[in-house]
Amino acid sequence: MFGSIFKFWNRRLSTFGNLAFAAFLIAVVSGIPLAIGYDVDNPSDSLQLLLLTDAPGVFFRSLHYWSGQLFLLFTFIHVIEHLSEGSERDLKKGLWIRLVLALLFSVFVMLSGFVLKADAEGRMAQQILNGLLKTIPLLGADLQIVILGNSNSLNLVYIHHVITTTLFIGIVIIEHMRRFWPELLSYVYLAGLATTLTVLIPQGLQLTTSAEIRGPWYFIGLQEILHWISNPLLVVGILTSGLMLFILLRWVNPVRSQKTKRFLFAMLIFYGILTINNWGFRDASWNSLFF
Amino acid sequence: MTPITKSTLFSRKKFLKLTAVLLSFYPLKLFYDISRNSRTGIGKNKQQILSMDLPEGISFHGDIIAVQKEGSPVFLSAQCPHLGCQINRQTKGQLVCPCHGSRFSLQGKIIEGPAARDLTVLSYTTDIKTRQYTILLSN
């Protein structure tokens, strides 16, 4: 089913891989003016100053946001496309591991961007990430230091967002695509789409803690899981097992690989249902219309 | 059975790869050390001062939830014991965590998870002269 949809799309438009690459580059370039104006000691103030006094700053922030969202979205679709074709077997094992890591880093670069907003939602996301890392036995404290730093400062999160993860993702994309630039047409599509979204839905900050705290769209399902499973360590364990299964796809035989993919896809659908339940059918007091 | 030859046992390429992997641990350790010693930022307040003129009932003050009943206050930590989100509202006589929906009574007792324990009751001192409460945030 997916194969014909992807073929239809690829024939008429740009491939999802190229679109994701173009989105990544636009996000990087639009992030430069933001990185200059951002102050890790006064993150919220510096962003507010940018949004209130600097018209190009407002544009670049929204463009950075939307190109980032599109990067993640098109990367996910690109992964689904290749898994449905079974073309992950064409990749060298080392590159496959690097790509999975880059996928993980892509989620982190998005999440760190969310945290760096330093508004009410960003602070809560940082707290939750801290809380989840803390639950990991033996490694938790060290991971906290390496990922978030040992303090209330956003310095390390900022460095990871701007340099560490971006550099790693960029290198792996170039290695994977064997080119430095995506197709010109994908730039045109992506720039058009991101600019339209920027103009239509500009991004502000949520400065006060509102009744409802929602994470970014790709983490709403996780928020719902954390509501149902009271032991955060169990949630971390489930996520890690899912990641391990995903990595092993390159190694298991094609029949098993197919079964594993079906299982992972079913989990993805389930995650989507949880996301929709939280997004559309829960009120601020966490009462749900369904379950 | 494939005979074991010099090249399959431990080729030069394998040796270089292994060396590169082992050597990469050193920069990782350096990275860890630098991260640990990175800037400390502005530390969290250890205490908070509130006026004695608290409204009757429940009021929210950032990290603190004040419950004033017939003139005597109880201060609860607003930090949810589940994953540390700040509780900022009450609905129908219950405190609800905005992040994952844990519910607590107005006395801070757990009613419904995912949180597994009650809200922390904070200790405080009273200064009659200045009419202020000094609440210790970490008991």
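The structure presented is a predicted model; accordingly, all values stated were derived computationally and were not measured. So you know, we letter chains A, B, ... as the sequences are listed, proteins then strands, and number each from 1. Values below: every heavy atom of this structure, side chains too, minus hydrogens, waters and symmetry copies.
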Participant: Side chains of A:Ser230 and B:His82: closer than 4.5 Å at any heavy-atom pair?
Facilitator: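 A side-chain contact under 4.5 Å is absent here.
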Participant: Can you tell which part of A:Asn231 gets under 4.5 Å to a heavy atom of chain B, answering side chain, backbone, both or neither?
Facilitator: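 The answer is neither part of A:Asn231.
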Participant: With rounding to the nearest 0.5 Å, note down the distance linking CD1 in A:Ile229 to NE2 in B:His100.
Facilitator: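 The NE2 atom of B:His100 is 11.5 Å from CD1 of A:Ile229, to the nearest 0.5 Å.
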Participant: Side chain, backbone, both or neither: which part of A:Ile159 has an atom under 4.5 Å from a heavy atom of chain B?
Facilitator: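 For A:Ile159, no heavy atom lies under 4.5 Å from chain B.
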Participant: Please set out all donor-acceptor pairs under 3.5 angstrom arising from side-chain atoms of residues 103-115 of chain A, sequence neighbours excluded.
Facilitator:
unit_1	atom_1	unit_2	atom_2	d
A:Ser106	OG	A:Ala102	O	2.7
A:Ser112	OG	A:Phe108	O	3.0
A:Ser112	OG	A:Val109	O	2.9
A:Ser112	OG	A:His161	ND1	2.9

Participant: In terms of heavy-atom contacts, does CD1 of A:Ile269 have more than 12 from other residues, nucleotides or ligands at under 6.0 Å?
Facilitator: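 More than 12 heavy atoms, drawn from other residues, nucleotides or ligands, come within 6.0 Å of this atom.
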Participant: Would you compute the distance between atom CE of A:Met124 and atom SG of B:Cys97 and round it to the nearest 0.5 angstrom?
Facilitator: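 Going from the CE atom of A:Met124 to the SG atom of B:Cys97 covers 7.5 Å.
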Participant: Who are the salt bridge (Lys or Arg N to Asp or Glu O under 4.0 Å) partners of B:Arg131, not counting sequence neighbours?
Facilitator: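 Here the qualifying residues are B:Asp53.
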Participant: Mind checking whether B:Pro114 and A:Leu226 have side chains closer than 4.5 Å, heavy atoms only?
Facilitator: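 Not in contact.
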Participant: Measure the CD-CD distance between B:Gln86 and A:Gln127 for me, rounded to the nearest 0.5 Å.
Facilitator: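 Interatomic distance, B:Gln86 CD to A:Gln127 CD, rounded to 0.5 Å: 8.5 Å.
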Participant: Enter the distance from A:Asn130:CG to B:Leu83:CG here, rounded to the nearest 0.5 Å.
Facilitator: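 So the gap between those two atoms works out to 10.0 Å.
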